[in-house]
Amino acid sequence: MDSIESKGQPIKAEVEGALPVALGAGIEDEKIAVASPRQLMWWKFRKHRVAVASAVVLVIFYLLALFADFLTFYDPNAYNSDFKFVPPQSITFIDAEGNFSLRPGVSGLISKRDPETLRITYETDPTRWYPIHFFVKGYSYKLLGLIETDVHLFGLDPAVAEEMVYCPLGSDRLGRDMLARVLHGARISLSIGLFSVFLSLALGIFLGGISGYYGGLIDNIIQRVIEFLRSIPDLPLWMALSAALPPDWSQELRYFGITIILSIIGWTRLAREVRGRFLALRTEDFVLSARLCGAKDHRIILRHMVPSFTSHIIASLTLSIPGIILAETGLSFLGLGLRQPVISWGVLLQEAQNIRTVALAPWLLLPGLAVVITVLTFNFLGDGLRDAADPFNR
Amino acid sequence: MQNVLLEVKDLHVNFFLTEGTVRAVNGVSFEIERGKTLGVVGESGCGKSVTARAILNMVRPPGRILSGEINYYGYSDAPVNLIALDPEGSEIRRIRWGEIAMIFQEPMTSLSPVHTIGNQMTEAICLHLNMPKDEALRYSIELLERVGLPQPGRLLNHYRHELSGGMRQRVMIAMALSCKPKLLIADEPTTAVDVTTQAQVLNLMRDLQQEFGMAILYITHDLGVVAEMADKVVVMYLGEEVEGADVDTIYYNPAHPYTRALLRSIPRHDIRLDRLETIEGNVPDPTNIPKGCAFHPRCHYYVPAQCVHPPYQQIGDGHWVRCTRAHEIGQQSSQTEQVL
Amino acid sequence: MMTEDGTLLQVSDLKKHFPIYSQGVFRRQAVNYVRAVDGVSFTIKRGEVLGLVGESGCGKTTTGRVILRALKPTGGEVLFQDRDKGEVDLARLDRAELRDIWRNIQLIFQDPYSSLNPRMTLEQIVGEPLHNYDILHGGALHDRVAELLRLVGLRPEYMSRYPHAFSGGQRQRIGIARALALNPQMIICDEPVSALDVSIQAQILNLLQDLQAQFQLTYLFISHDLSVVRHLSDRVAVMYVGKIVEIADTEELFNSIRHPYSEALLSSAPTPDPRAKRKHIPLKGEVPDPANPPSGCYFHPRCQYVKDRCKVETPPLRETTPGHWAACHFSEALSLGV
Amino acid sequence: MIQFIIRRSLIAIVMIAAISVVSFIIIQLPPGDYLTSYIADLSAMGERIPAEQISALRDAYGFDQPIHVQYLKWVGKALRGDFGQSLEWGVPVSMLIWDRLGLTVIVGLSSLLFVWAVAIPVGVFSATHQYSLLDYLFTFLGVLGLAIPNFLFALVLMWVGYSVFGQNVGGLFSPEYQNAPWSVEKVLDLLNHLLIPMIVIGTSWTAGLIRTMRANMLDEINQPYVEAARAKGLSERRVIWKYPVRVALNPFISTVGYALPQMVGGVLITAVVLNLPTVGPLLLRSLLSQDMYMAGAIVMLLSILTVIGTLISDILLAVLDPRIRLE
């Protein structure tokens, strides 16, 4: 069978410009001509403002998670029975005497117990004022897991720890600092997405690659397995598998167990994608052309095929992360994922399961906001990458 | 003016793309006479298809008709300026298909994949001829028979993928003729089909033109097809007409360097040529049309001192050329004459 | 090992059948075969251009790919007089052996857009064969690429550019430079100009002609366009539904046609001359499905000269006059021509 | 066509068989077998079970036999509607599950309808008004819906309902209808309560389908057949809704196939938060208390429902798209 033979002119819309034009005026022709496709993609990505902003937000999030100990003052697991359900506290520059102070501080708190509902509520007490200090000493930790230190970016004078707390995002039912918990939770929630996606990628590339390159029976078997896995509702499966993790496993083991469980579905998507690209590329003229030029298998794969789809795979990976973050959050929320004392956003949200608690302390939903922002930014970033990777974007 | 069916006057169409503005059609003027065929020839990007869409006022964003007039003289009373009409209004919609029908380059994709041939045929018939459905179906069968399709009754229940390329284009032609239009726009109707099918389609169109007396605007890049089909020819290059004349003049006495070079650069199956002449360089990018005469970077007759944007001027009876040196060039003999 | 008559390539009874699968409940099974190439035989002499012409789906592209062994033939023999290895049957080589053969037989693709890796620079693309076969490196490679680019009419300064910076015609030149890099004996040109603009086609055709003369190349020139084939070829073979129906020297074929299909094909091609008065023989019906070809002569349902014999007996490709072969029972009896 | 349906149904049956294997594995995953836990449970409550009853149970479930025999026995029972005993509730699983499964399907289907009712028109609008302000807004809302976890959305809605309206928006029935027999009023009450879960489950899913619809529409909207329809003089609305929308709907229907498995998850988790009497809370409880026959049965039935849903959408697609029908 002949390939599709178009006669005469290429069948294209008349106005469709040549590819270099698709990158916009303003960049000189010569620069475009010698720019590698990767550079062209980068230029195109840079023009995608929402995606660039998302990338910046994500970098900030990961930095916050990395320096969580330094950036917060309280141990995320430390109870404080005197200050339960403290609402988020705002800083003030007016000290106890009513004078302006350059140093920020927080006003004191007066706790009251509602005689009927027995709830504790807080009111600020402007007559007391606690200045916020920077680079204060607190609990000791290892910065980046390496440097032992006890310096924290900001906090109250350790001397007043008995009578006052400063929780910018409030505290939970056991008086734990929400800021510390959210930032420490970010470590788990943000990393589990990455790990799981890389695990999926490894599996996906391996299986999708053999499936796409060799075809035939192997391909058939792998494809049927993928179809099967995709036809099972993922959440019940995840739930059942997580519930089956031995209860005596350590925190670390459990973390990896959950990561693996989340990859069980994730790899199918990537494997399909890799396979699809391989199949499409295998019949590309330039691959045949490389073969006719004496390129051996490994060169064809590594030099010709792989570079042609890495950018798509990166975009696709980015778009897979949100799903995994959402899944971990959901599982932990249900009590089947990670468990105390490990902190993840899902674990934190579990505290907000009871609607009465939420009504009393709506700031307990803040980890949810973190999830939403993370997922949003990953989606925007992924979209931007995908657009940039696609030479003929709409 | 009595014979003029459609008159295009100084048409300008731009495409506003993120990469820049493309002057797809840049001041094109021509006339189509009743019952005659005008061939529009040009390479990809010359604006010939956009012109066709402008006639039906169907230029879609990011394209926009900037200025010009397209006067339709098909009604007995005053002419209608088609591009002054609301592109979604009822007036232009009555003219589309009812007065001016169009067939497209790819018969495969110009039929819907999920509607039957019958459904797509009767749609326009019911709309323009106010026929009830069953009568429209009977009429469709008649039309399909007329274009030489076997078993037209069964064909009505078929989908596009069940037809061959030639059959699809016949179906499109039957559809286009259903409302007996006064003008048929054929936008590269045979580019996507094989030569033997092309010959069938061209024969059919010629027969039908005689029978129905319609005018045809035939758009193509194929100089052979134009020679066979057209009475008059317009040659386009980068959104402009470079030459317009009757078909004989274009082939035997071309005055524009582009037309001449084009005719000398095509290999022929009827005569043996030793060597082809070439047009050097490439078709410039449509966002970046050369200043002065758009053809000058590729022109053999280019004189730097004279590089102005030449006007489209008449140099003979109905012979229009956009070249400052048209008169001298016109004196030289053409390839066709040389070889014969 | 030169053969007497200077034959470079001899194709005998070449077949390529593609299975049509039907999706069963659990596995696919082949229910029929598309006979894309169905017993094709011809020879090409050293330094000759053989044009292979036919309509889409007739198997001409597949023929090229099978000869080159981009596809594995279903049957037949392809004897090639390799410069280094002597006579080899391409149809029987394994992958490692083929790699050596591809130094001497190359392909020019139809689509200049998809045949160049967008992620490689001109230098890498044109230099790839030299690199892969370990022929040249570093400065010498660079110089050779520059030479090749000049040869096909591109400026060597463009070497560090990527394909996206070039127009269709320029890309086709790049493809040609790459095919020439190893100094092959033979090049299969698979519709090299049909994706190009009219004004560019002549440039590429002239280039191919010049290169052929300069390097005594042998071309198998595949095209659907009779004019292009006539212009470039020394001999022409006409294909219809997987078979060659007529083959002869170009002028002989165009002037004394011996097969009704060739006649129809030629008469269908429009002439760029408004004064030409030509008789058109529009064909009836459609090209048959190569999976279910008609009985007897594949052309008989559309042939205006059809006789009963044509419906049952498949005509062999036979020599009607010296050097002119046609697959029609009534070649001599018919007076064909346009 | 018939052949296609048969082939597709056979594939579904194979899928279901595989699902039963996975479900059985899930049941077997926790350490110890059902009987040991059962006996331990009863002994903890101070009850004694006669030895012969134990061995009778042992026989019935085939605990002494190799694993594949156990599996076959379990499947055999499951085919007859017997999914074993619920450890926690002390009654057969089948007694607890059917009502809730029915309500799960109702919640799922109504969410599906909600999603379609929103996604199709919005997708068409976005595509025909590409790069307009509303297009951007819809895209943003869509992505936002995708980014908000179902349970969080449900929580927020409940919180708003609770703190603003002082009302519990959870559940599927008002208290007075909870245990009442089915009646017109009860159905109306159910429909009333369906709105919140529909919106919660729908939002996360709508986003994806709006994008799909928009992308499909953009693929189709510049196709020559649309231009041909326009050239025929049809009104713009007719052109759009008869042609590209009709074609764009096809891949849309097929996306249901892989959206269903995800939606089931949404239904589950939302049901937990909103306390809907569906299988969601039941599954969670059974998993937390290692009530594995219950959990296995629920996972299996949900998966089977999904496979059937996908089967239906595939067949529907084949009916609607002549190109597939031909294969």
Side-chain angles (χ1 to χ4, degrees), chain B residues 41-45 148 150 164-167 190 193-204 221-230 233 237 246-248 250-252 258 261-273 275-283 285 298 336 339-340, chain C residues 53-58 153 166-171 193 195-207 209-210 223-232 240 250-251 254-255 261 264-276 278 280-287 289 302 338:
Chain B
V41 200
E43 298 177 271
S44 59
S164 73
M167 288 164 88
T190 57
V193 297
D194 273 313
V195 277
T196 53
T197 314
Q198 169 171 291
Q200 294 173 349
V201 171
L202 295 183
N203 274 358
L204 176 67
H221 67 273
D222 189 324
L223 290 161
V225 171
V226 176
E228 291 205 357
M229 292 296 288
V233 179
Y237 186 74
D246 61 87
V247 64
D248 201 73
I250 289 286
Y251 282 79
Y252 282 88
Y258 177 65
L262 213 53
L263 283 167
R264 291 171 185 215
S265 73
I266 49 171
R268 303 184 52 150
H269 65 82
D270 53 341
I271 35 183
R272 177 120 196 165
L273 306 169
R275 193 160 176 83
L276 302 173
E277 270 191 34
T278 59
I279 306 178
E280 291 310 319
N282 298 292
V283 182
D285 192 281
R298 308 176 72 188
T336 320
V339 283
L340 289 176
Chain C
V53 70
E55 296 180 278
S56 59
C58 73
F166 297 92
S167 68
Q170 289 171 318
R171 287 186 207 210
V193 296
L196 303 176
D197 257 327
V198 191
S199 71
I200 308 299
Q201 289 192 1
Q203 298 175 2
I204 301 298
L205 288 175
N206 281 354
L207 176 66
Q209 224 171 10
D210 294 345
S223 178
H224 69 271
D225 189 334
L226 281 170
S227 330
V228 172
V229 167
R230 174 167 197 177
H231 180 72
L232 219 68
Y240 185 71
T250 307
E251 290 313 302
F254 277 82
N255 292 321
Y261 174 69
L265 197 62
L266 190 58
S267 83
S268 295
T271 319
D273 178 0
R275 291 181 195 165
R278 294 155 45 77
H280 274 286
I281 309 168
L283 281 177
K284 306 171 280 187
E286 309 283 336
V287 177
D289 176 4
R302 309 177 75 192
V338 182

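Reminder, nothing fancy here: chain letters follow the sequence lines and each chain counts from 1.
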Quiz item: Nearest heavy-atom pair of B:D194 and C:E55: which atoms, and what distance?
Solution: CB-OE2, 3.0 Å

Self-check item: Interatomic distance, B:L276 atom CG to C:I204 atom CD1 [nearest 0.5 angstrom]
Solution: 12.0 Å

Quiz prompt | Residue C:S199 versus chain B: region with a heavy atom under 4.5 Å | solution = both

Self-check item: Geometric cation-pi criterion C:R275 and B:Y252, 6.0 Å radius, 45° cone
Solution: yes

Practice problem: Answer yes or no: is there a donor N or O on one side and an acceptor on the other, between the side chain of C:R230 and the main chain of B:H269, under 3.5 Å? | Solution: yes

Quiz item: Which bit of C:D210 is near chain B, if near means a heavy-atom gap under 4.5 Å: side chain, backbone, both or neither?
Solution: side chain

Self-check item: CZ on B:R275 to CG on C:N206, rounded to 0.5 Å
Solution: 4.0 Å

Quiz item: Who pairs with C:E286 by salt bridge (charged side-chain N to carboxylate O under 4.0 Å, His left out), at least two apart in sequence or on another chain?
Solution: none

Quiz item: Donor-acceptor pair, C:Q203 side chain versus B:I279 backbone, under 3.5 Å?
Solution: yes

Practice problem: Using a 4.5 Å cut-off on heavy atoms from C-beta on, say whether the side chain of C:H231 contacts that of B:R268. | Solution: no

Quiz item: Among B:A230, B:A227, B:A199, which residue forms the greatest number of heavy-atom pairs with chain C at distances under 4.5 Å?
Solution: B:A227

Self-check item: Contact summary for B:R298 and C:I200, nearest pair of heavy atoms
Solution: NH2-CD1, 3.8 Å

Quiz item: How long is the span from the CG atom in C:D197 to the NE2 atom in B:H221, to the nearest 0.5 Å?
Solution: 8.5 Å

Practice problem: Kindly indicate whether the side chain of B:Q200, heavy atoms from C-beta on, has any atom under 4.5 Å from the side chain of C:K284. | Solution: no

Practice problem: Flag the one option from C:G168, C:G285, C:A202, C:A264 with the top tally of heavy-atom pairs under 4.5 Å to chain B. | Solution: C:A202

Self-check item: Point-to-point distance, once rounded to the nearest 0.5 Å, from CG of B:D270 to OG of C:S227
Solution: 8.0 Å

Self-check item: C:Q201 side chain reached by B:I266 side chain, heavy atoms, under 4.5 Å
Solution: no

Quiz item: Would you call C:S268 and B:Q198 a side-chain contact if the rule is heavy atoms closer than 4.5 Å?
Solution: no

Quiz prompt | Gap separating the OG1 atom of B:T196 from the OH atom of C:Y240, nearest 0.5 angstrom | solution = 7.5 Å

Quiz item: If you count heavy-atom pairs under 4.5 Å between each of B:G166, B:G148, B:S164, B:P150 and chain C, which one has the most?
Solution: B:S164

Exercise. Quick one: pull up CG in B:D248 and CG in C:D273 and give me the separation to the nearest 0.5 Å.
Key: 8.5 Å

Quiz item: What's the shortest heavy-atom distance between B:Y251 and C:P272, and which atoms?
Solution: CD2-O, 3.3 Å

Quiz item: Can you find a pair of side-chain heavy atoms, one from B:V195 and one from C:L226, that are under 4.5 Å apart?
Solution: no

Self-check item: Which portion of C:L205 sits near chain B, non-hydrogen atoms under 4.5 angstrom
Solution: side chain

Quiz item: Looking at residues at least two apart in the chain, or sitting in another chain, which of them share a side chain to side chain contact (heavy atoms under 4.5 Å, CB included) with B:E280?
Solution: B:T278

Practice problem: Please flag which part of B:M167 lies under 4.5 Å from any non-hydrogen atom of chain C: side chain, backbone, both or neither. | Solution: both

Quiz item: Quick one: does B:N282's side chain have a donor or acceptor within less than 3.5 Å of a partner on C:S167's backbone?
Solution: no

